Amino acid sequence: MINLYEVRETNQMIEQDNLDVRTITLGISLLDCIDSDLDRLSQKIYDKITTVAKDLAATGKAIERDFGIPIVNKRISVTPMALIGEAACRSPKDYVTLAETLDRAAKQVGVNFIGGFSALVSKGMTKGEEYLIRSIPEALAKTDRVCSSVNVGSTKCGINMDAVRLMGEMILKTAEYTKERDSLGCAKLVVFCNAPDDNPFMAGAFHGVTEADAIINVGVSGPGVVKHALKKVRGESFEVLCETIKKTAFKVTRVGQLVAQEASKRLGVPFGILDLSLAPTPAIGDSVAEILEEIGLERCGAPGTTAALALLNDQVKKGGVMASSYVGGLSGAFIPVSEDQGMIDAVQAGALTIEKLEAMTCVCSVGLDMIAIPGDTKAATISGIIADEMAIGMVNQKTTAVRLIPVIGKDVGEMVEFGGLLGYAPIMPVNRFSCDAFVGRTGRIPAPIHSFKN
């Protein structure tokens, strides 16, 4: 049983260490909206979202007020729109219409983002799924709150290289469509391998087909809290270090559990999962990179970084699962460059490169996240980076993702400002040697041998 005493115990974490509930995400199934007529489909989607989510924003604010726990975002995830639009959409333009419908609904109910403009194409693409993918650049340029994701690989299916090649082109095209805003559209687009059905974090959230009609998922974040706790055990053994991280993660997770249960009760919607992820913000001290430096690195990116991140990720998960029976999503440590002041500082100091970040993704919760690259980067190069990251996820049976932002008109060393939680970032160099012939092959990379378990 969770009580208010446990919340009071975390007052210092909230007031001094940037502890927050990063998001309450309401997942909504749109399967019952499917229609062969585009206008009817759009109306059904709008009506369902605005009905089911009408009290979400107000409920989040009420919980925040009643318990004194900051809730940064209220969000919605919906069934992947490639599935919902297949019967009605005859072109990419039709999917843009659905994206605009999602955006109108999100604004009407007052949420920060709506995720699920998505396609799951790890083994192949239907015509409708290809239409959705090709619609992404225009859809993200014409909307404010819509987030998009495409799952192009899995441990069971392998990697759909046709989709990887297409996504490289679409990321570059999205950058062009939003170049007047420093290619901001790409910050709302992520490519996945092994995407989870219950991820509350944008831009990758969608409501999986295995989920109930509506579900509440909560994402908690607390890198500042962990850093503060580790300051007290400087120079101690790895055993003490690990115990400290676990105990801190436990307390943070209990706060999220309370918020999730309250949101579920007040909205009359089942509680799905609690995602305990150390998701940083640009705020000073709210940094995963600074946790790694507190563990003993001069700079994030120094030798030992991958080992320190592996330790951190594992202990966060171990502490979290003791605090809630329903830990899920991505839970662990995020390493988005633009959203983490320590990562930005490490890049500017020359300690952190894309190649080192790729190594770190083998042991973190997601992947290459919020990385700004030169605007003249070729689509094939972007596809090659995606393929590398998808291979890490496929072989290691973990979720990996890529959110690259080729900033049109800017080059290595320049800065780009995205604003809010998205932060700012230095443009990082990419390897300029060609992978065109590799990416140009058609078909898919087969699933690894250890995928054959039945």
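Keep in mind that what you see is a predicted model, and the values were worked out from it rather than measured. Heavy-atom basis, side chains included; hydrogens, waters and symmetry copies ignored.
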| said: Closer than 3.5 angstrom, by distance alone: can the side chain of Arg75 be matched with the main-chain N or O of Val111 as a donor-acceptor pair? | reply: no
| remark: Nearest heavy-atom approach of Ser154 to Cys157 is OG-N, 3.0 Å
| field | SB check Glu64 Lys61 (cutoff 4.0 Å) | value | no
| message | Does this structure show an ion pair linking Lys227 with Glu294, if we count only N-O contacts that are shorter than 4.0 Å? | response | no
| Side-chain (Thr399) to main-chain (Asn194) donor-acceptor, under 3.5 angstrom | yes
| query | Measuring from Arg234:CZ to Lys232:NZ, what's the distance to the nearest 0.5 Å? | reply | 12.0 Å
| message | Hydrogens and angles aside, do Asp39 and Gln43 bring a side-chain donor and acceptor to less than 3.5 Å of each other? | response | no
| request: With the side chain counted from C-beta on, respond yes when Leu357 and Val337 share a heavy-atom pair under 4.5 Å apart, and no when they do not. | output: yes
| query | Counting only heavy atoms not in Lys123, do more than 12 fall under 6.0 Å of its NZ? | reply | no
| side-chain contact (heavy atoms from CB on, under 4.5 Å) between Met81 and Ser118, intermediate numbers included | CA-CA 6 Å; Met81 290 304 296; Ser118 307; over 6 Å; no
| Would Arg104 count as a cation-pi partner of Tyr46, with NZ or CZ less than 6.0 Å from the six-membered ring centre and within 45° of the ring normal? | yes
| Side chain of Ser122, backbone of Gly153: donor and acceptor closer than 3.5 Å? | no
| task | Decide yes or no on side-chain contact (heavy atoms from CB on, under 4.5 Å) for Lys317 and Leu276, but give the supporting numbers first. | result | CA-CA 8 Å; Lys317 290 177 186 287; Leu276 172 64; over 6 Å; no
| Has the side chain of His207 got a donor or acceptor atom that lies under 3.5 Å from a matching backbone atom of Ile215? | no
| field | Main-chain N/O of Ala187 paired with Arg403 side-chain donor or acceptor, under 3.5 Å | value | yes
| said: Pair Val288, Leu312 - check side-chain contact (heavy atoms from CB on, under 4.5 Å), show working. | reply: CA-CA 9 Å; Val288 170; Leu312 173 65; 4.2 Å; yes
| request: With the side chain counted from C-beta on, respond yes when Leu309 and Leu292 share a heavy-atom pair under 4.5 Å apart, and no when they do not. | output: yes
| Are a donor atom and an acceptor atom from the side chains of Ser29 and Glu211 found within less than 3.5 Å of each other? | no
| task | Hey, could you give me the CD/CG distance between Glu417 and Leu184, rounded to the nearest 0.5 Å? | result | 11.0 Å
| query | Hey, are Glu138 and Lys93 close enough for a salt bridge, meaning a charged N less than 4.0 Å from a carboxylate O? | reply | yes
| Should Ser149 and Val191 count as side-chain neighbours, where that means a heavy-atom distance under 4.5 Å? | no
| Approximate separation, where rounding is to 0.5 Å, of Leu38 CG and Arg90 CZ | 9.0 Å
| query | CD1/Ile295 to OG1/Thr305 distance, rounded to the nearest 0.5 angstrom? | reply | 10.0 Å
| Pair Asp103 + Lys142, salt bridge at N-O below 4.0 Å | no
| said: Check Asp144 with Lys107, please: is the shortest side-chain N to carboxylate O separation under 4.0 Å? | reply: yes
| query | Does the distance from a Lys or Arg side-chain N to an Asp or Glu carboxylate O, for Lys246 and Asp314, drop under 4.0 Å? | reply | no
| message | Taking the ring centre of each residue, are Phe334 and Phe201 less than 6.0 Å apart? | response | yes
| field | Closest contact, heavy atoms only, Gly185 versus Thr174 | value | C-CG2, 3.6 Å
| task | Check whether any side-chain heavy atom of Val259 lies under 4.5 Å from a side-chain heavy atom of Glu262, and answer yes or no. | result | no
| query | Would you find a donor on one side and an acceptor on the other, under 3.5 Å apart, between the side chain of Thr143 and the backbone of Ala99? | reply | no
| Which heavy atom of Ile344 sits nearest a heavy atom of Pro426, and at what distance? | CG2-CD, 3.9 Å
| Just by distance, do the side chain of Asn217 and the backbone of Asp275 share a donor-acceptor pair under 3.5 Å? | no
| Do Lys356 and Thr306 touch side chain to side chain, with heavy atoms closer than 4.5 Å? | yes
| request: Verify the distance criterion only: is there a donor paired with an acceptor across the side chains of Gln341 and Tyr424 at less than 3.5 Å? | output: yes
| request: For side-chain contact (heavy atoms from CB on, under 4.5 Å), just list the numbers for Ile28 and Leu26, CA-CA rounded to whole Å, side-chain angles, deciding distance to a tenth of an Å, and then say yes or no. | output: CA-CA 6 Å; Ile28 303 174; Leu26 175 60; 4.0 Å; yes
| task | Would you give the length of the straight line joining atom NZ of Lys74 to atom CG of Leu56, rounded to the nearest 0.5 angstrom? | result | 8.5 Å
| message | If I compare all heavy atoms of Pro270 with all of Ser264, which pair ends up nearest, and what's the gap? | response | C-OG, 3.7 Å
| Value rounded to 0.5 Å, distance of OG in Ser91 from CG in Asp94 | 4.0 Å
| request: State whether a side-chain donor-acceptor pair under 3.5 Å links Asp340 with Ser287. | output: yes
| request: Mind listing the closest non-hydrogen atom pair of Ser183 and Pro406 along with its distance? | output: OG-O, 3.2 Å
| Would you say the side chain of Ile114 lies within less than 4.5 Å of the side chain of Leu102, judging by non-hydrogen atoms? | yes
| Between Asp182 (side chain) and Val416 (backbone), is there a donor-acceptor pair under 3.5 Å? | no
| message | Using a 6.0 Å cut-off, check whether atom CE of Met322 has over 12 heavy atoms from anything other than its own residue. | response | no
| query | Between Thr210 and Asp197, do the side chains contain an N or O donor and an N or O acceptor separated by less than 3.5 Å? | reply | yes
| message | Given 3.5 Å as the limit, does a donor-acceptor pair link the side chain of Ser338 with the main chain of Ala425, or not? | response | no
| said: If we ignore hydrogens and angles and just use 3.5 Å, is the side chain of Thr248 paired with the main-chain N or O of Thr244 as donor and acceptor? | reply: yes
| said: Ignoring hydrogens and geometry beyond distance, is a side-chain donor-acceptor pair present between Thr361 and Thr400 at under 3.5 Å? | reply: no
| task | Using a 4.5 Å cut-off on heavy atoms from C-beta on, say whether the side chain of Arg134 contacts that of Lys173. | result | no
| said: Just so I know, are the side chains of Asp213 and Lys48 near enough to count as touching, which here means a heavy-atom distance under 4.5 Å? | reply: yes
| remark: All heavy atoms of Gly116 vs all of Phe206, minimum pair found to be CA-CB, 3.9 Å
